[in-house]
Amino acid sequence: MFHLESGRIPNETVYGTENLHISYSMKWCLQNHRIFYTLTDVDSFCFICSMAKNEIPKAYEAKQYEDEIYAAWEKSGFFNPDNLPGKRTEMFSIVLPPPNVTGTLHMGHAVMLAIEDVMTRFARMRGKKALWIPGTDHAAIATQTKVEKLLMKDGMKDPRRELGREEFLKRVEKFASESHDVIVNQAKKMGASLDWTREAFTLDKVRNKAVNTAFKIMYDDGLIYRGDRMVNWCPRCKSTLADDEVEYKEQKTKFYYFKYGPVVIGTARPETKFADKVIVVHPNDDRYKNLIGKEMDVEWIEGIVKAKVIADEVADISLGSGAMTITPAHSFVDFDLAKKYDFEILKIIDEDGNLTKAAGTFAGKNAHDSREEIVSVLEKKGLVDHIDEDYVHNLSVCYRCGTAIEPLPKVQWFIDVNKQFSFRQSEHSPIKGIKNGQLLALKEIMQHVVRTKQIRIIPDRFEKTYFHWIDNLRDWNISRQIWYGHRVPVWYKQKSEVGDQKLETPFVGVTAPEGEDWQQDTDTLDTWFSAGLWTISTLGWPDQNNVLTSFHTGEKMSTDLECYHPTSVLETGYDILFFWVARMILMTTYTVGEVPFRDVYLHGLVRDEQGRKMSKSLDNIIDPLDMIEKFGADATRLSLVIGTTPGNDTKLSEEKIAGYRNFTNKLWNISRFVLLSLRGDEVDEVIPSEIASPLDQLVARNDMTLADRWILSRFATVTKEVTDHLENYEFSQAGEKLRDFTWGEFADWYLEIAKIQKQDGIGNKQEARDSENILFFVLKQLLVLWHPFMPFVTEAIWKNISSDLLIVESWPKEQTTNTDFSAEHEFSRVQQLIISIRNIRSQYKVRQEQSVDVRLQIQDSHTRKIIEENLSIIKTLARVQDIEIISQLPEFGSGFAVVVLDQITAHIILPIEDSKSEEARIQKESEKLRDYILMIENKFSDKEFVSKAPPQVVEKMRQKLQEAKDKLESYVSHSKS
RNA sequence: GGACGCAUAGCUCAGCUGGUUAGAGCGUCUCGUUUACACCGAGAAGGUCCCAGGUUCGAAUCCUGGUGCGUCCACCA
């Protein structure tokens, strides 16, 4: 007796060992897997297929298989398209929307991973070069804020000041790298077939080169400029925010009305009003017409100010007094006005949220806290008109930390979205409708590619949202005053602080300039700047020199960028359509002259069972890892893919996931049955893979049973439907159809029938083998169809079938030869009869173990033949003792129930006599039929229906009417009354 | 204020380009330890397809209006 922990063993060794029971399955395992465990003297099993003594576990325990299977996939190298077998000409590529390295993955990420993995695995099995590129996002502000909070929790007051730039960044990087590892592990747990050899990070060296290059060419084209503009400033993050990084919170506050010279002005923010010097009224406002153009001295917070009155249409006559003063430095609207009229822009509040010297005696005080004090000064001067205590307005806050935003004028870097530049067209995948060298603005290209459907958004209603957003797009502020991120690739000669002051002509380049005294801009770039380059920066741009050598053939491949760009599809949540999708379109069309992707598939948000967002404070978070642990990755994936539609939010509950866990187990047991029956007594001579292959012969022999033809036909139909749905991004429908077929048809009907056919065919080896053949054929193909959805359980089962990995098995071809509609129709008669008998048994409470007898009258000979051929199936499935087919059923009598079906009338002989309920049942049945007949007859009484409806529809209705009438007649003739 | 989405069985949702006696899963009820599976099987009950108009021979499906819920954008005089 030998004891091995694991490893390859030469076959002979094992075969030659006495006392070791080697079952058929083990022998088979040894041939295929060559890996064998010996635990004790008796219990031996192959750890690949977990079979012990010819047994497959009764329940599928996901945990026991998943990690091992993922490791096997990784080892195979098949996640990398360069290693895929066969000649593959078509490509499929998709980039993973890089998760932020701020922590762990949530259900939103799980949806993304599940859907994208379905896409990728589907493409791979269809023989495409399937590439799914992983990566993570440094998420500048988000990550920096998170680390700052953590450091502050550990007792630091101002981490940035205390640690300094270099040390602080080290801490952030450490956190980011830990977070990265967690994320990668989670993605693997989900079963994501990502090509880890191509993994990228938005802040690594390669991506930095892409970022700097993009910055430089945009700068050279005059699209990036440095300018003074109002920005959203977060006094806590000490950084600017993009317009769409600002969130609004409804808030009740006081709204003040002050007397300002001859007018009354309203404001919610008196602390910004120190330097108001201009009154704006509407040119058509009769109340103030005589004031326009006048100058006057006005008593104000810090004494007399010189004010003048101008007319502009921005003033709203109906709002308040109709007059307003302008505060250029702290309001977007006012800033634009000030620029228009060239007024002085005086900063009242500084970057720390304190009042500047423009506030006179209030200088240095916190602006917000000084509000009441300022009001009381005005109060004393008698300048307060009145105060509205219940003013509700939207306070703009930082989307990261929730702090109130302070609009400030600052010197920032911008991308000009309206300026025209000379478009550089791609050679290998040009954008249609635009010429090389054509003068265009970024906005125009962004609109063009979507309008001309060169980028398709799914669902298409989001195109409207997209266009609306672009119409209102202002120049994109790309600089951030934080440390974690890509440094702005601009160097200044002067050593002076890079702040608001004017500087000498800077050097803009991919790398630092030669020579001394150059100082790099201290600002970093908006995280979406690097994210916008994601499809090209992960595929080798700007170098394009990553020539790959195929793993197998050694032949040279073109560069990744040529081969995989534009990517096939971008899959992401609709919540980042603007943040990311639009920016990618902008950056990619500009830099390489190609669209970044052909299709955009937008998934919805995952909410809790009550439809609320998942959040820590609500304590309603469902953690993907917990669910994987509890129900398995496959169940978790299915719950996120089935029952969800693009662009719509989904509600998730543990019960839903548990339901899909049940299904994975069902599939496992279907396989268990099929495989175990193959390994029955006499299969010794054949191994499964040989059994199943010549299905064509079987089909050609043309002696299959009705059930055989039915299941093959249904399977062919389902294969076609599932394939079509997947191609059209209808994942939910594909999954539902598959599940209904697998459970409702294959398991509930065909498996049971196969048992009967095997039983019947005991004397006839061939017939028994036929059933097994078909069972195995359908199972095998089903595993392939299910694999994109449930990669683990299908692969685990597959290990019992083949020594090759399922992940690279090819997708079933369309089996049009197997579709057999007459078989489907005929078989449905058998099904109907069985269901009706079961129904009657249930209604009359016939005990399960008790058989009943059935008399049948069958109208046409063909149906009679079908029923006769399937007698044993009907008997077993409906628990019938005797079936008698007679030409004329007795019209009256008791002790039986009557069921009328298409072409068949059945008497089910009941062990108990209950003529009363039977009478009532027939009454009810007839009543329903009469209503139905009436409904159809009404249609026909409408002449226009007959003349205008398509003939097929009319014909169909006529048939239905006839059927219903026949049925009713049978019931009536068989009822006593 | 502008735009978009959703409303179908107790719950979660399917129902694509108008023709079904409107479907599934979960839940409920009744029966069942048949050697694939109780994470199961068989059967059943359960719906004015939000309301009102319109188009049409025909509307859950298309149009208009309304109601309720949700989301995004704009907005801090």
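Labels below follow one simple rule: chain letters A, B, ... track the order of the sequence lines, proteins then strands, and each chain is numbered from 1.
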Counting any heavy atom closer than 4.0 Å, what does Glu955(A) reach on the DNA or RNA strands: base, sugar-phosphate only, or nothing?
-> nothing
Phe343(A) vs Tyr341(A) aromatic rings, parallel, tilted or perpendicular, using cut-offs 30° and 60°?
-> parallel
Has the side chain of Ser396(A) got a donor or acceptor that lies under 3.5 Å from a partner of the other kind on the base of C76(B)?
-> yes
Nearest listed nucleotide, side chain of Pro950(A), among A14(B), A42(B), C57(B) = C57(B)
Within the structure, does a side-chain N or O atom of Thr664(A) lie under 4.0 Å from either OP1 or OP2 of C39(B)?
-> no
May I ask you to say what Lys960(A) touches in the nucleic acid, namely base, sugar-phosphate or nothing, with a heavy-atom cut-off under 4.0 Å?
-> sugar-phosphate
Can you run through RNA chain B from 5' to 3' and write each base as (, ), [, ], | or . depending on how it pairs? Watson-Crick or G-U wobble, both distances under 3.5 Å.
-> (((((((..((((.....[...)))).(((((.......))))).....(((((..]....))))))))))))....
Nearest heavy-atom neighbours spanning Ala747(A) and Lys666(A) = CB-CE, 3.8 Å
Evaluate the ring planes of Phe258(A) and Trp300(A), with Trp represented by its six-membered ring, and classify them as parallel (under 30°), tilted (30 to 60°) or perpendicular (over 60°).
-> perpendicular
Quick one: is Arg269(A) getting a side-chain N or O under 4.0 Å of the C76(B) phosphate, OP1 or OP2?
-> no
Proximity to the side chain of Glu944(A) - top-ranked nucleotide from G19(B), C57(B), A14(B) | C57(B)
Using a heavy-atom cut-off of under 4.0 Å over every strand shown, decide if Ile405(A) touches base, sugar-phosphate, or nothing.
-> base
Is any side-chain N or O of Arg461(A) under 3.5 Å from a base N or O of C4(B), one able to act as donor and the other as acceptor?
-> no
What is the nucleic acid contact for Phe663(A), judged by heavy atoms within less than 4.0 Å: base, sugar-phosphate only, or nothing?
-> nothing
Parallel, tilted or perpendicular, as decided by the 30° and 60° cut-offs, for the rings of Tyr257(A) and His386(A) | parallel
Name the residue closer to the 5' end of RNA chain B, choosing between Tyr60(A) and Asp740(A) according to the nucleotide with the nearest heavy atom.
-> Asp740(A)
Closest non-hydrogen contact found for Ser653(A) with Ile622(A) is CA-CD1, 4.1 Å
Any side-chain N or O of Lys651(A) less than 4.0 Å from the OP1 or OP2 oxygen of U12(B)?
-> yes
Take atom NE2 in His368(A); do more than 12 heavy atoms of anything else shown fall under 6.0 Å from it?
-> no
Can you tell which of C73(B), G19(B), U21(B) lies closest to the side chain of Ala949(A)?
-> G19(B)
Determine the interplanar angle of the Phe741(A) and Phe746(A) rings, folded into 0 to 90°, and report it as parallel if under 30°, tilted if 30 to 60°, perpendicular if over 60°.
-> parallel
How does each nucleotide of nucleotides 26-38 of chain B score, in 5' to 3' order, for protein heavy atoms under 4.0 Å: base (B), sugar-phosphate only (S), or none (-)?
-> ----S-S-B-BB-
